[in-house]
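What follows is a set of notes on a single structure, which appears directly below.
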Amino acid sequence: MPPQTRRTRATMIEQTRAKLLETARLAFATKGFAHTSMDDFTAEAGLTRGALYHHFGNKEGLLLAVIEQIEAEVAERLQAVADAAPTPWESFRRRCCTYLELSVEPEIRRIILQDARAVFGDVPQAAQSVGIAALRASLDVLVADGTVAALHTEVTARMLYGAVTEASFWIAEVEDDQQPRLTQALQELERLLTGLKAH
């Protein structure tokens, strides 16, 4: 097969995959995983059910790909928030608070905090690892500069990740107004984080 043909075929495969992801992401966000028909969104994408099976295996495989795409975007957003902070402590604090604030965004609430847990039981392991590593890196810096009291950063990062994740699930549970729960969770998070500071 000539190189040009291989490139064209690879481009077509990537375009098909991207189109399926885009269409499924919109459908999952608006209707939810359980109420989304594969035939509906493959037809909307102008593709066949066979294309879905070829690229993702099944509907769950497509949901997992959508989750991974959103989680990668969330990681970038959290990093941008952290990088823009004036101090290492504020960087750490804003990362944790922003994670909670994202839980009220309709797409994240429906796909990550509701459907992902309903279908897979938890956030994908890769996303957890990224989140925990980012928290540990921040804690390492804060312990080294004396802002945070000496502690086991790996364990503390895992505990914080668990606390913030569970609070996000709790915020996402209510159907109508998540703001009161978000406000309450942010208040308690501030207490939790303040308790880490060296006195």
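Numbering starts at 1 and runs along the sequence shown.
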Is the side chain of [X] donor-acceptor paired with the backbone N or O of [Y] at a distance under 3.5 Å, no angle test?
| X | Y | answer |
| --- | --- | --- |
| T194 | E190 | yes |
| Q114 | A172 | yes |
| R117 | I112 | no |

Pair R158, Q128: side-chain N/O donor-acceptor within cut-off below 3.5 Å: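 Result is no, nothing qualifies.
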Polar contact flag, side-chain donor to acceptor under 3.5 angstrom, T147-D145: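 Note: T147 and D145 side chains meet the donor-acceptor criterion.
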Check whether [X] and [Y] end up in the same hydrophobic cluster, where Ile, Leu, Val, Met, Phe, Trp and Tyr are linked by side-chain heavy atoms less than 4.5 Å apart.
| X | Y | value |
| --- | --- | --- |
| W170 | I108 | yes |
| L151 | V141 | no |
| L64 | F56 | yes |
| Y161 | V81 | no |

Which residues pass the salt bridge (Lys or Arg N to Asp or Glu O under 4.0 Å) test with [X], sequence neighbours left out?
| X | answer |
| --- | --- |
| R94 | E90 |
| E76 | none |
| R17 | none |

[X] versus [Y], closest heavy-atom pair with distance:
| X | Y | result |
| --- | --- | --- |
| Q178 | V104 | CB-CG1, 3.6 Å |
| V66 | A24 | CG2-CB, 4.3 Å |
| A75 | V130 | CB-CG1, 4.2 Å |
| A157 | L139 | N-CD1, 3.8 Å |
| V164 | C96 | CG1-O, 4.0 Å |
| A150 | V143 | CA-CG1, 4.2 Å |

Are [X] and [Y] packed together at the side-chain level, in the sense that at least one heavy-atom pair is separated by less than 4.5 angstrom?
| X | Y | answer |
| --- | --- | --- |
| F33 | R110 | no |
| F92 | L135 | yes |
| L102 | L78 | yes |
| F120 | I67 | yes |
| L21 | H55 | no |
| I171 | L113 | no |
| L186 | C97 | yes |

Pair R25 + E68: basic N to acidic O under 4.0 Å: no
Salt bridge flag under 4.0 Å for residues K19 and E22: no
Quick check for you: to the nearest 0.5 Å, what is the distance between [X] atom [atom1] and [Y] atom [atom2]?
| X | Y | atom1 | atom2 | result |
| --- | --- | --- | --- | --- |
| L63 | I111 | CG | CD1 | 7.5 Å |
| L192 | M159 | CG | CE | 8.5 Å |
| M38 | Y53 | CE | OH | 3.5 Å |
| L193 | W89 | CG | CH2 | 5.0 Å |
| E154 | D140 | CD | CG | 9.0 Å |
| R109 | S103 | CZ | OG | 9.0 Å |

P180 and its side-chain contact (heavy atoms from CB on, under 4.5 Å) partner, picked from L182, T183, D177: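 Per the side-chain contact (heavy atoms from CB on, under 4.5 Å) rule, the option paired with P180 is D177, out of L182, T183, D177.
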